[in-house]
Amino acid sequence: MTVAESVGFLIPVAGMGICAAAGCSPWLTWLTVAVFGAGEGALLGLGQAEALHGTEVAVPVLRWVAVTSAAAAFAWMLGMLPSTLNDAGVLADMSNPAVWVAFGVGAVLLLLSIPTAQFLVLRDVMPHAVGWIPVNVAAWSVGLVATFVPGPFVDEDTSTAVLVTSFAVAGICMALMVATITGWWLRRRAAASPNPPPESETCSSLSV
């Protein structure tokens, strides 16, 4: 999972780099990164499905990858929105309580997006799968901190190489944190599953 998310995070980072080099508008950059973020989600989902392959909670790969990809694109759209609005000249009035409420709601939706989408699939193969949501919220809350670190040190004058490298390193750190926490929980749940499915059923679920 760590490798999948580390490599996957490079996809939207590459989108940022391409847009920076091409001088794209803020909104075109926002859309491009969101689309590239779907690629990150696909790799993350594939890595997770592979990690669960052969366990009692093997997930249907295509469904898992699809929902993770869509949720990741949505998360990138939310995550990039504040900086995009700022770059577009829409400055938020931080003295307005409504702005803080909007930021809070956006942050909650961002953290819930991927685990909630995955829960809809995981609940079919794991009892008490709802625990996946808070575990992921905790993991992403910790991991996403790493992705915010380069922000204050880069701007429109930052070279593409430095931009890509800084966010790539941040993404690897994020991946390590998220994969360690969520992987530990999944393995524990898999080991605790009282009714492992027949081998034929597991193989069938992986092919859906």
Side-chain angles (χ1 to χ4, degrees), residues 1-53 59-84 87 106-107 109-122 132 136-137 139-140 143-151 154 158 160-183 186 206-208:
M1 284 191 288
T2 302
V3 174
E5 174 57 17
S6 297
V7 175
F9 189 75
L10 297 179
I11 299 176
V13 170
M16 291 182 193
I18 293 171
C19 289
C24 296
S25 69
W27 289 111
L28 180 56
T29 300
W30 175 75
L31 181 59
T32 301
V33 173
V35 172
F36 279 46
E40 176 197 5
L43 276 183
L44 171 62
L46 189 61
Q48 290 172 326
E50 178 60 27
L52 292 174
H53 176 63
V59 293
V61 176
L62 292 183
R63 284 177 59 204
W64 186 264
V65 170
V67 299
T68 307
S69 178
F74 177 70
W76 273 102
M77 290 175 72
L78 284 176
M80 289 283 293
L81 190 56
S83 61
T84 301
D87 292 342
L109 290 175
L110 188 154
L111 289 172
L112 289 175
S113 57
I114 293 178
T116 301
Q118 292 180 329
F119 161 73
L120 299 177
V121 178
L122 192 61
W132 178 244
N136 265 267
V137 168
W140 285 104
L144 284 172
V145 172
T147 67
F148 296 142
V149 173
V154 298
T158 303
T160 300
V162 172
L163 179 72
V164 171
T165 300
S166 60
F167 277 101
V169 172
I172 292 173
C173 293
M174 176 192 69
L176 284 169
M177 297 175 192
V178 173
T180 298
I181 297 171
T182 59
L186 279 174
L206 285 169
S207 64
V208 175

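Everything quoted here is computed from the prediction, not taken from an experiment.
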task = Step by step, work out the side chain to side chain contact (heavy atoms under 4.5 Å, CB included) result for Ile18 and Thr32.
result = CA-CA 9 Å; Ile18 293 171; Thr32 301; 5.9 Å; no
I need the minimum non-hydrogen distance between [X] and [Y], along with the two atoms involved.
X	Y	answer
Ala73	Ala38	CB-CB, 4.0 Å
Ala49	Val61	CB-CG2, 4.1 Å
Ile11	Phe36	O-CD2, 3.0 Å
Gly143	Met177	CA-SD, 3.7 Å
Cys19	Thr29	CB-OG1, 3.4 Å
Val178	Thr182	O-OG1, 2.7 Å

Side-chain donor/acceptor of Trp30 to backbone N/O of Met77, under 3.5 Å =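 Indeed, once roles are kept as given, a pair shorter than 3.5 Å links the two residues.
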query = Donor-acceptor pair, Ser113 side chain versus Leu110 backbone, under 3.5 Å?
reply =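 Flag set: sc Ser113 to bb Leu110 pair under 3.5 Å.
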Just list the side-chain donor-acceptor pairs under 3.5 Å for residues 114-122, sequence neighbours left out, or say none.
unit_1	atom_1	unit_2	atom_2	d
Thr116	OG1	Leu112	O	2.7
Gln118	OE1	Trp132	NE1	2.9
Gln118	NE2	Gln48	OE1	2.7
Gln118	NE2	Thr68	OG1	2.9

ask   = So how far is it from Trp76 CH2 to Leu31 CG, rounded to the nearest 0.5 Å?
value =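 Atom-to-atom, Trp76:CH2 and Leu31:CG are 14.0 Å apart.
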inquiry  = My understanding is that only residues two or more places apart in sequence, or in another chain, count here; which of them pass side chain to side chain contact (heavy atoms under 4.5 Å, CB included) with Leu111?
reply    =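 With neighbours one apart ignored, the set is Val137, Trp140, Ser141, Leu144.
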